[in-house]
Amino acid sequence: MRKPSYEELCRQVKELENERERLKLKSAARLRKCRAKYDAMLDTVDAYMCLVDRNLRIIWANDKAKKIFGGDLVNRHCCVTCHGRKKPCLESSYCIVRQSFRGETVRHPGTIAVRKDGRKIYFNVMAKVVSRDADGKPCNVVKVYNDITQYKQVEEELKASMLLLRDNLSGTIKAMAMTVETRDPYTAGHQRRTADIARGIAQEMGLPREQVDGIRMAGVIHDLGKISVPAEILSKPGRIGAMEFSLIQQHPNTGYDILKGIDFKWPVAEIVRQHHERMDGSGYPFGYSGNQILLEARVIAVADVIEAMSSHRPYRPALGLDKAFAEIKQHRGTLYDEDVVDAVVDLFDKKEYIFH
Ligand SMILES: [Fe+2]
C-alpha cells in the first residue's frame, strides 16, 4: 500500500479538523436549541425557579423569577436576592439550599421572600439536587417557589376578623353580666368570681383549653336569667317565701331562652340552664342526674356554691370558705360531681387559690 504524501496527510488532518469544528458547532446549536426549548417550557410554569451552585450563586432563573426578584439573577447570591438577607448564608444551617446540598429534598412551607420592590411575599419552597459531578457530588440545586401570598393575606384577614369577633363577643358578654349585676348589687362580681373559680377547677381537671374557655364564658353569665326576677326579691333581706323562691328558680330557663339564639362555640345556653342541676337529681329545672348534666355545668355548680357561700348576701352574712368546703365535701358524689369536688379542693389547698 502506498504511503500518503505529506500534502495528503495535511489535507486529511485539515478535513478532520473541519469535521470536528462542524460537529462542535452542530452540537452547540443543538444544545442551544434544547436549552431554549427547556427555558421556554420552564417559563410557562406557574412557579418561580432558580438553579443554584455550590457557592449559593444563581446560575439560571426562569422568567417569572427574574420579574419578581429583579432582572438578570445570574451570579447573584440566592439568599440575598430572593430573601432580602444582608449577606449570603454560607454558614447557616437553616438555608434550604445548603440543606439540599447535603442530599435531601427540602420543603419549607410559608417561607418569606422579598420582591425587587421590597414587598414581602410568602412561598412554599422546595429545593432539590438536580446535577452531580463525576464523583457523585451535588453540583446544582433547583429552588421552586410557589406563591401563597394571597392565601396568607386571606388567612391574616380571617385571623383579624376572628379576634375582632372574639373581642365583640366578650364585650357583649360583659355587658350582659353587668346588666344583671346592676339590678342586684349584692351579688355584683359573683358571676365573674364564679367564672374564675370554675376556670381554675377546669384547668386543675386538665380539661382541654377550648372547654376551659367555654366554662369561663358560661360562668360569667350563668345567672343572666335573674334579669327577669324583680330586684326587690333579689335584694330582699331575710328569708324569702316559696312564691319568691319559685320565681328565682326560673332563672336557669330564662338565661337559656336569652342565650339559645346566640351561636357560641360552646353550649353556653345549655350550661347556663343546667347550673342548678345536682348529681342525685335533686336540682332544677329538670332534675337531671349524673352524666345527664353537662360536665361544664357540674363545674360551674361547684364554683357557684363556693363563691356564694363565701360572700355576703342580703339575707345573711358570709358563711366563709371553710363552711363552703364542708358543704361540697359532705355532698361529694351526691349533689356535686366527685372529680369536680376533688379538683376544687386541690385547687384551693395546694395552690393557695386567692379570690379576686
Ligand atoms: Fe344561679
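Both counts, for ligands and for their atoms, begin at 1 and track the order of listing. The figures here come from the full heavy-atom set of this structure, side chains too, leaving out hydrogens, waters and symmetry mates.
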With the threshold set at 4.0 Å, does a side-chain nitrogen-carboxylate oxygen contact exist between Glu17 and Arg20? no

Do Asp196 and Arg193 meet the salt-bridge criterion of a basic N to acidic O distance under 4.0 Å? no

Between Glu15 and Arg11, is there a side-chain N and carboxylate O pair less than 4.0 Å apart? yes

Just by modelled atom types, is the Asp223 backbone N or O under 3.5 Å from a matching donor or acceptor in the Gln191 side chain? yes

Between Arg22 and Glu19 (salt bridge meaning N to carboxylate O under 4.0 Å), is one present in this structure? yes

Pull up every protein N/O/S atom sitting under 2.8 Å from the Fe ion (ligand 1), skipping waters. Asp223 OD1, His251 NE2, His275 NE2, His276 NE2

CG (Leu259) and OG1 (Thr254) are apart, to the nearest 0.5 Å, by 10.5 Å

